[in-house]
Undergrad: 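The structure's right below; bear with me while I get my questions together.
Please read all numbers here as calculations on a predicted model, not as lab measurements. Throughout, a chain's letter reflects where its sequence line sits, starting with A, and its residues are numbered from 1.
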Amino acid sequence: MGSRAGRSAALSVTSATIAAALLLAACGRTAGSSGTATQSPTKGLVATTAPGTKPVASVTWALYRDVNSLDPIYAFDYPENTAVSLMCESLLKQSPSGAIEPGLATLSTPSPTKLVFTINPGAKFWDGHPVTTADVLYSLDRNTNASLGGFYGLVFNRVASIAATGSSQVTITLKQPDYWLQGELASIPGVVIEKAFAVKQGKKYGTPTGSIMCTGAYKLKSFVPGVGVTAVPNASYWNPAVKPLVQQIVLKGVASDTTLTSGLTTGAIQGTYLSGGLSTLPQLQSGGAVTITRGPGWFTDAFIVSNTKGVLADVRVRRALSLALDRRAIISNVYKGAALMPRWLSNPGSFGYGKAVFDRAYLASPLMSKNIAEARKLVQEAGATGKTFTIGTSAQIQNIAAVTGAYQAAADAIGLKTVLKSVSAQNYINFFIDPKARAGIDGFLTVNYGDYADPASMLATLVLPGGSQNYDNFNDPQIIAWLEQARSTADPNARAALVAKAEKRVATLLPWIPDAQPVSVLIMSKGLTGATASFAYMFAPWANSLGGR
Amino acid sequence: MRLAFIGRRLAMLVASLAVASFVIFGALYLAPGNPIAALSGGRSLPPSSLRILEARYHLNQPFLVQYWYWLDNALHGNLGISITLRENVTTLIASRAWTTAGLVLYASVIILALGIGMGIAGGLRPGLLDTSVLVTSAISAAIPAFVAAIALVALFAVKLRWFPALGNGTDLLSNVRHLTLPAFALGLSSLAIVARVTRSAIREEAGREHVQTAISRGIPRRQLVRRHILRNAAIPITTISGITIASLIAVDAVVETAFSLNGLGAYLVTSAQDKDLAVVQGISLVLVTAFVVINVAVDLAYAVLDPRVALGSRAT
């Protein structure tokens with residue numbers, strides 16, 4: 001999520017973008033624009049591309065900035081996630097559709113508070129050593145080891161103990177049932193690294209002069225800051241069904257839109273996932289050098305209401321603002337069509353389980369369409385006419401600035417006034433982490449996501465008390481109860497039904513106001529195919545089928 | 001004399017480094033933002049992780065204490081650890097210094113060869129040639145490096161496919177190929193300035209009394225140009241060349257970013273944005289040193305070009 005000067009990073013708060021009118025036309029209609037219960041809300045999006053069939057000598061894959069670390073416990077942004085997910089594997093695996101499958105281990109749940117992982121007998125690291133229970137215990141423990149300061153410690157907060165309970169068996173005992181943990185263990189927190197290797201590396205693990213030891217089909221060749229992370233096939237990959245076809249993948253940070261565009265056009269760059277807006281997308285689309293694939297996105301473009309006291313503290317005003325927002329303009333101007341009209345806060349691309357339940361509930365919810373008359377009425381009822389709210393924004397981040405403009409227009413149309421507090425691109429991040437930066441503003445914009453394909457994954461961070469993104473101390477007992485219950489519910493459909501209820505209520509209470517649901521955009525040069533097209537690329541190997549067509 | 005000159009220059013270098021390091025550290029400290037933020041993109045980190053990282057990098061200490069930590073280490077040859085890469089700053093800088101050095105050198109060669117060449121040609125041959133030098137230099141002086149980069153890539157990389165659009169290359173030959181467009185983008189406007197100054201210096205010298213006298217004495221043109229015009233015009237040409245080449249160090253960040261090169265300039269910008277203090281300090285020291293060294297070289301050149309100039313005093 002970042003943004004650095006223009007399309008940078010820290011702010012990936014920017015937005016994923018893209019894709020053009022051509023694609024839209026091919027799609028038939030903008031998904032979600034009408035919608036009956038028989039249709040999928042993500043119709044027209046594909047999670048995978050056809051597997052590659054031919055070997056390829058070398059692929060340069062662009063990231064919005066260089067990779068900083070290959071240590072999974074510090075992977076918290078697009079570049080690091082993409083690099084770790086290329087080479088490393090988790091206990092469980094997220095398929096491109098978001099479903100959770102066996103990974104390095106298979107899971108059984110003899111009781112709601114016990115997760116028993118049986119390590120796949122063939123699983124081994126790049127150096128040929130088999131994956132042992134010691135490696136699994138060590139890898140999981142690193143997440144919560146206070147001296148390391150990893151970023152995923154909180155996801156283990158229902159864990160009572162983790163222990164080896166057999167030669168190839170690890171048991172996680174929970175304080176109370178936690179069906180969200182499985183999703184996390186199919187994501188970055190579940191990555192298993194080799195204990196002996198990591199202990200020897202110490203602080204150097206995952207740094208440029210250090211190295212890493214994982215299990216994936218691609219292994220690390222070199223990590224040179226400024227040059228990139230180079231991965232080569234792991235000839236002795238433990239899963240014989242996978243045959244890596246690309247002799248070398250270089251993950252390289254490319255800072256500007258222009259450079260990315262000329263690189264993709266000339267073939268100096270052969271692939272990328274968009275994590276921010278790309279102004280030149282229509283140009284690439286018509287240039288013919290690349291194919292652009294749109295997959296289900298698990299992220300949401302939203303307005304975070306961060307002030308408990310201001311005019312937005314009144315739910316009627318939030319609803320009015322939401323009703324007045326021209327989301328179609330945001331989708332066409334900011335996302336060039338590569339986003340869906342929201343019905344909920346969470347992206348319908350993130351329905352990784354209980355799909356039928358989610359789809360039905362989602363499509364039964366109203367589209368968040370514009371209704372100025374209704375919005376004006378709500379503002380009057382709330383007695384808020386003429387009142388002012390302050391938006392934290394950055395004029396230097398194109399997408400943020402554009403969506404801010406849409407909010408100003410919406411406020412204008414319903415008799416509210418706006419003040420902007422604009423900061424530089426690199427300081428935008430402070431709204432998220434520094435309460436002082438949030439003082440005096442009523443809200444700011446984000447593109448946000450959870451760690452796995454579950455609407456609850458992101459939702460929990462903003463509606464549960466103490467959630468890392470619950471800036472306005474939002475506290476709705478009903479929503480909290482449904483989500484807590486969902487977390488403890490084994491049956492996927494029952495869990496989906498509970499999360500759906502919470503989503504519906506969130507969509508009326510609007511702790512955050514959804515702006516658009518971006519789709520995941522994969523760009524590859526014409527000769528390439530096989531990369532994961534959905535947002536799953538952030539959390540699970542995405543190049544195992546990559547190759548020439 | 002020589003020793004005193006070198007001693008004075010060394011003292012100046014040390015003083016510049018000390019002042020620069022303090023000012024840069026202070027400026028970056030005062031700038032809002034949190035270096036830890038660069039690690040997490042736009043999402044919130046758990047507060048416990050934030051606290052651990054802040055303690056690890058002394059970010060919770062007062063300014064002077066932080067600066068002292070850095071200075072103490074730097075005096076012991078340790079430039080510190082990058083927060084984003086968890087790596088030694090020395091290692092990180094060393095791996096990128098060659099790109100920047102190569103790029104600045106390549107651009108300097110272009111500026112000196114083409115700039116001075118065009119200036120001399122225009123200065124000595126009034127008429128069509130001179131007019132075209134004037135027009136060309138007027139246009140290229142007005143093109144900022146980032147625009148030049150886009151235009152050069154659009155024409156020579158995307159359209160004609162003569163040169164690669166980005167990256168560094170793997171061996172010497174491909175390095176040169178990869179650095180050609182960046183070097184032109186970097187040098188273009190400086191080249192124009194050098195050409196213009198050279199042209200007017202030549203014009204001025206050619207109109208001087210001693211040159212007219214030499215002409216009337218029937219001294220051959222070749223000798224006239226070399227001994228009477230170029231030699232005297234060399235001082236302003238050296239001055240402007242020194243200044244423009246030293247200034248390349250500053251512009252180079254833009255070009256490196258545009259061509260995705262792994263040089264110091266682009267890295268300085270990213271690190272400053274990330275508030276990665278140790279890296280910014282390290283690169284600044286290298287750049288300040290380079291700047292001082294180029295100026296010393298210019299001073300030495302004055303003394304060589306004009307024996308009347310005492311070493312270390314500015315030629316006029």
Side-chain angles (χ1 to χ4, degrees), chain A residues 1-5 8-14 60 65-66 68-69 74 76-78 146-151 153-154 203-204 206-209 224-227 252-256 258-259 262-263 265-266 268-269 423 425-430 432-434 437 446-449 461 468-469, chain B residues 31-34 36-56 81-88 91-92 95-96 99 146 149-150 153-154 157-159 161 163-168 256-264 266-267 269-270 272-275:
Chain A
M1 307 201 91
S3 164
R4 222 128 285 210
S8 35
L11 311 177
S12 296
V13 181
T14 46
T60 299
R65 63 160 167 79
D66 272 329
N68 285 332
S69 168
Y74 304 124
F76 213 64
D77 195 7
Y78 296 95
S147 68
L148 296 175
F151 301 159
L154 280 179
K203 277 186 179 167
K204 281 188 177 310
T207 65
T209 43
V224 185
V227 175
K252 182 175 170 53
V254 177
S256 79
T258 346
T259 316
S262 54
T265 310
T266 57
I269 296 167
V423 298
Q426 47 282 18
N427 285 334
Y428 193 78
I429 185 72
N430 292 326
F432 292 84
I433 58 168
D434 186 358
T446 183
V447 175
N448 225 280
Y449 54 88
T461 68
S468 59
Q469 306 192 94
Chain B
N34 185 332
I36 305 294
L39 301 174
S40 72
R43 300 196 293 168
S44 288
L45 286 179
S48 53
S49 307
L50 273 177
R51 275 194 300 277
I52 292 165
L53 291 167
E54 280 174 2
R56 182 181 300 164
I81 302 275
S82 155
I83 295 176
T84 43
L85 282 161
R86 293 183 294 132
E87 187 73 63
N88 269 325
T91 320
L92 292 170
S95 68
R96 297 176 190 249
T99 303
F146 70 94
I150 294 173
V153 167
V158 176
K159 191 109 190 146
R161 310 266 163 139
F163 293 99
L166 64 134
N168 276 73
E256 284 177 5
T257 308
F259 288 93
S260 223
L261 298 174
N262 66 332
L264 289 181
Y267 192 33
V269 172
T270 337
Q273 286 170 350
D274 293 349
K275 288 199 79 178

Undergrad: Tell me, side chain or backbone of Lys203(A) under 4.5 Å from chain B's heavy atoms, or both, or neither?
TA: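 For Lys203(A), the contact with chain B is made by the backbone alone.
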
Undergrad: Thr266(A) versus chain B, heavy atoms under 4.5 Å apart: side chain, backbone, both or neither?
TA: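 For Thr266(A), backbone and side chain are both near chain B.
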
Undergrad: Given Ile269(A) and Leu166(B), is the side chain to side chain contact (heavy atoms under 4.5 Å, CB included) satisfied, shown in steps?
TA: CA-CA 9 Å; Ile269(A) 296 167; Leu166(B) 64 134; 4.1 Å; yes

Undergrad: Can you tell me how far apart CG (Asn68(A)) and CG (Asp274(B)) are? Round to the nearest 0.5 Å.
TA: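 Interatomic distance, Asn68(A) CG to Asp274(B) CG, rounded to 0.5 Å: 7.0 Å.
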
Undergrad: I'd like to know if the side chain of Lys252(A) and the backbone of Ser260(B) have a donor-acceptor N/O pair within less than 3.5 Å.
TA: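 Yes.
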
Undergrad: Can you tell me which of Thr461(A), Thr209(A), Val224(A) forms the most heavy-atom pairs within a distance under 4.5 Å of chain B?
TA: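 Max contact count across the listed options: Thr209(A).
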
Undergrad: Chain A heavy atoms under 4.5 Å from Arg56(B): which part of the residue, side chain, backbone, both or neither?
TA: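 Contact with chain A: side chain only.
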
Undergrad: Relative to chain A, which segment of Thr91(B) carries a heavy atom at a distance below 4.5 Å: side chain, backbone, both, or neither?
TA: side chain

Undergrad: Is Arg86(B) in contact with chain A via its backbone, its side chain, both, or neither, using a 4.5 Å heavy-atom distance?
TA: both

Undergrad: Is it true that atom CZ of Phe146(B) has more than 12 heavy atoms of other residues, nucleotides or ligands lying nearer than 6.0 Å?
TA: no

Undergrad: Could you look at Ala146(A) and say if it's the side chain, the backbone, both or neither that has a heavy atom under 4.5 Å from chain B?
TA: both

Undergrad: Would you mind checking which part of Val153(B) comes under 4.5 Å of any heavy atom in chain A, side chain (CB onward), backbone (N, CA, C, O), both or neither?
TA: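 Contact with chain A involves the side chain of Val153(B) alone.
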
Undergrad: Given a strict heavy-atom distance threshold of 4.5 Å, which part of Thr60(A) is in contact with chain B: side chain, backbone, both, or neither?
TA: neither

Undergrad: For the OG1 atom of Thr265(A) and the CZ atom of Arg161(B), what is their distance to the nearest 0.5 Å?
TA: 7.5 Å

Undergrad: Under 4.5 Å between any side-chain heavy atoms of Glu87(B) and Pro225(A), yes or no?
TA: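 No, every pair of side-chain atoms sits at 4.5 Å or beyond.
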
Undergrad: Do you know which two heavy atoms are closest between Ser262(A) and Val158(B), and how far apart they sit?
TA: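 Heavy atoms of Ser262(A) and Val158(B) come nearest at CB-CG2, 3.8 Å.
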
